[in-house]
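Just below is one structure, and these are the notes that go with it.
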Amino acid sequence: MEDSNSANAGFSDGRKFQLPSGYGDNKIVLMVRDPWSVFAYWEIKKDIEDGIREKIRGEGLTASGSVLRVYDVTDRDADRPSKVIYDFEIKDWANSWYIHTGYPGKKWMAEVGIICAGGKFFSLAGSNTVQTPSNRISDVLDENWMCPEDLYNKLFAAAGGIGKSSLEMRESMEQYLKKWLFSGGVTSGSSGSASRAAIDDKK
C-alpha cells in the first residue's frame with residue numbers, strides 16, 4: 001500500500017508531484033553548516049552563461065572549466081581585498097556543495113564562474129556573506145544562561161573531566177563539541193576536485 005505522504009504521492013486525479021529542475025534564477029546562496037563548514041547551492045541561467053562564454057571567446061581566451069570559488073572576506077576592505085581560499089572544479093552538472101573551510105569564526109562568500117587557461121576568472125553569480133561561529137566555549141558569563149551544577153557535572157564527566165584543570169576541561173569540552181558537530185568527511189553531492197589558491201594577504 002502506497003504511503004500518501006511519500007515522495008511519490010500525487011494529486012487526487014493520479015498526477016504525480018514533480019519538483020522543477022530550476023526556478024529561472026541566477027544566483028548562489030551560502031549557508032552555515034557548523035564552525036568548520038558551509039553549504040552552497042546555485043542556479044545559473046543559460047543565457048547568462050552563454051553571454052560570458054561569448055565574452056571569453058571575444059577576448060581570445062579558452063574556457064577550461066566551471067569553478068566554485070570560495071573567499072575569506074573576514075578582513076576585506078580597500079587595503080585588504082578578499083582572499084581566494086578554494087577553487088572547486090564543478091563536474092557532472094553539480095548545483096550544490098558542502099565546503100569544509102577548516103577555519104571557525106570567519107566570514108565567507110563564494111562565486112560560481114568559468115576559469116580560463118592562464119587563470120583568468122569570469123564570474124557567473126556571487127553569493128551572500130556568512131560567518132561561521134567560533135568553535136570555543138564563550139568567555140562571556142550570563143547568569144540567565146548558567147549551566148545548573150548537576151548538568152555541569154554530567155558534562156564534565158562525559159568529557160573525561162575527573163582530575164583535570166579548568167584549562168584542560170575547556171579543551172576537552174571543545175573537542176567534544178567539535179566531534180559532535182562535525183562528522184569529518186564533508187563532500188559534495190557530485191564528484192569534483194579542489195585546490196587551495198594560497199593567495200597571501202596584501203598589506
* Show your working on side chain to side chain contact (heavy atoms under 4.5 Å, CB included) between Asn95 and Ile90 and close with a plain yes or no. => CA-CA 8 Å; Asn95 60 4; Ile90 301 173; over 6 Å; no
* To do: Among residues two or more places apart or on two chains, list those pairs meeting ring-ring contact (aromatic ring centres under 6.0 Å, His included) that have a residue in residues 39-66.
  => Phe39-Tyr98
* Going through the checks in order, is the side chain to side chain contact (heavy atoms under 4.5 Å, CB included) test met by Val38 and Thr101? -> CA-CA 7 Å; Val38 296; Thr101 66; 4.2 Å; yes
Closest heavy-atom pair and its distance - [X], [Y]:
X      : Y      : result
Leu61  : Cys116 : CB-SG, 4.2 Å
Pro133 : Pro104 : O-CB, 3.6 Å
Trp97  : Glu89  : CH2-O, 3.6 Å
Val70  : Ile99  : CG2-CD1, 3.8 Å
Thr132 : Pro35  : CB-O, 3.6 Å

Rounded to the nearest 0.5 Å, what separation is found between the [atom1] atom of [X] and the [atom2] atom of [Y]?
X      : Y      : atom1 : atom2 : result
Ile52  : Leu124 : CD1   : CG    : 6.0 Å
Ser64  : Lys120 : OG    : NZ    : 13.5 Å
Ile44  : Asp25  : CD1   : CG    : 10.0 Å
Trp108 : Leu30  : CH2   : CG    : 10.0 Å
Ile114 : Thr62  : CD1   : OG1   : 12.5 Å
Trp93  : Ser66  : CH2   : OG    : 8.5 Å

* **Within residues 97-117 or reaching into it, pairs that qualify as salt bridge (charged side-chain N to carboxylate O under 4.0 Å, His left out) - sequence neighbours excluded** => Asp72-Lys106
Side chains of [X] and [Y]: does their closest heavy-atom pair fall under 4.5 Å?
X     : Y      : result
Val67 : Val112 : no
Lys83 : Val73  : no
Met31 : Val29  : yes
Tyr86 : Arg69  : no

* **Salt-bridge present (Arg53, Glu49; N to O < 4.0 Å)** => yes
* Asked: Could you go step by step and tell me if Arg76 and Thr129 meet the side chain to side chain contact (heavy atoms under 4.5 Å, CB included) rule?
  -> CA-CA 11 Å; Arg76 179 176 58 180; Thr129 298; 4.1 Å; yes
* Asked: For Asp50, what residues pass the side chain to side chain donor-acceptor pair (under 3.5 Å) criterion, not counting sequence neighbours?
  -> Lys46
